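As structure tokens, the structure follows; a few thoughts come after it.
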Amino acid sequence: MGVQILLGTGLLFVCAGVQLWIVARVSPRLLSAVARIGEHTRPLRLFGLICMAFGAMVFAHTLQIWLWAASFRHLGAFETLPEAFYFAVVSYTTLGYGDVTLGEGLRIYGTFAAITGLLTFGVSTAFLLAVLSRLHPGLRDER
């Protein structure tokens, strides 16, 4: 069980690093694009910037889910990659259908996928809120 905790913690750190690295790479580009827009910017340009931010977060989460799926497959938890991917998605999003489960030996490891999803979805939410508040200053509370 100790090895599972170490492996799960390690992959959680890798995934958090992926999330933060993508945010760090996308943020300067978005901020410079936001700084160049004026008050009368076309809605299509605003839409494009929001899509860029959203797409970066979708990419980050998808990459992390694939990392979890590959680890489940590598550890022999599932016979096929599609089954491992399905379990990774359900765990990462904390949906937890329960139709596919891990064996007793890997249950604690699987919980780290859910912890990873909770933490990185929080980062995504904060990032997207920051982008939206820069694009629409009226959304910020100006007290």
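For clarity, every value in this text was computed on a predicted model and none was experimentally measured. Sequential numbering from 1 along the given sequence is applied to the chain's residues. Side chains included, hydrogens not; waters and symmetry mates left out as well; all remaining heavy atoms used.
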What heavy-atom pair brings [X] and [Y] nearest, and what distance separates the two atoms?
X: Arg134; Y: Leu31; value: NH1-CD2, 3.4 Å
X: Cys15; Y: Trp68; value: SG-NE1, 3.5 Å
X: Leu81; Y: Arg73; value: N-CD, 3.9 Å
X: Ala84; Y: Ala69; value: CB-O, 3.5 Å
X: Phe127; Y: Ser27; value: CE1-OG, 3.3 Å

Q. Considering residues at least two apart in sequence or located in another chain, which fulfil the ring pair (Phe, Tyr, Trp, His ring centres under 6.0 Å) criterion with Trp21?
A. none
Q) Under the ring pair (Phe, Tyr, Trp, His ring centres under 6.0 Å) test, which residues partner Phe112, sequence neighbours left out? A) none
Given the rule that I, L, V, M, F, W and Y join up when any side-chain heavy atoms are under 4.5 Å apart, are [X] and [Y] in one cluster?
X: Leu6; Y: Leu106; result: no
X: Leu44; Y: Val131; result: no
X: Val58; Y: Met52; result: yes
X: Val89; Y: Leu118; result: no
X: Leu12; Y: Leu63; result: yes

What's the separation between atom [atom1] in [X] and atom [atom2] in [Y], rounded to the nearest 0.5 Å?
X: Leu119; Y: Ser124; atom1: CG; atom2: OG; answer: 11.0 Å
X: Ile108; Y: Leu102; atom1: CD1; atom2: CG; answer: 11.0 Å
X: Thr62; Y: Leu67; atom1: OG1; atom2: CG; answer: 11.0 Å
X: Leu49; Y: Phe47; atom1: CG; atom2: CZ; answer: 11.0 Å
X: Tyr109; Y: Phe72; atom1: OH; atom2: CZ; answer: 6.0 Å
X: Thr116; Y: Phe121; atom1: OG1; atom2: CZ; answer: 11.0 Å

Q. Under the side chain to side chain donor-acceptor pair (under 3.5 Å) rule, what pairs show up with a residue in residues 80-98, not counting sequence neighbours?
A. His61-Tyr92, Gln64-Tyr92, Tyr86-Asp99, Tyr92-Thr120
Q: Under the side-chain contact (heavy atoms from CB on, under 4.5 Å) rule, what do Ile50 and Leu135 come out as? Steps first, then yes or no, please.
A: CA-CA 9 Å; Ile50 293 167; Leu135 290 173; 3.5 Å; yes
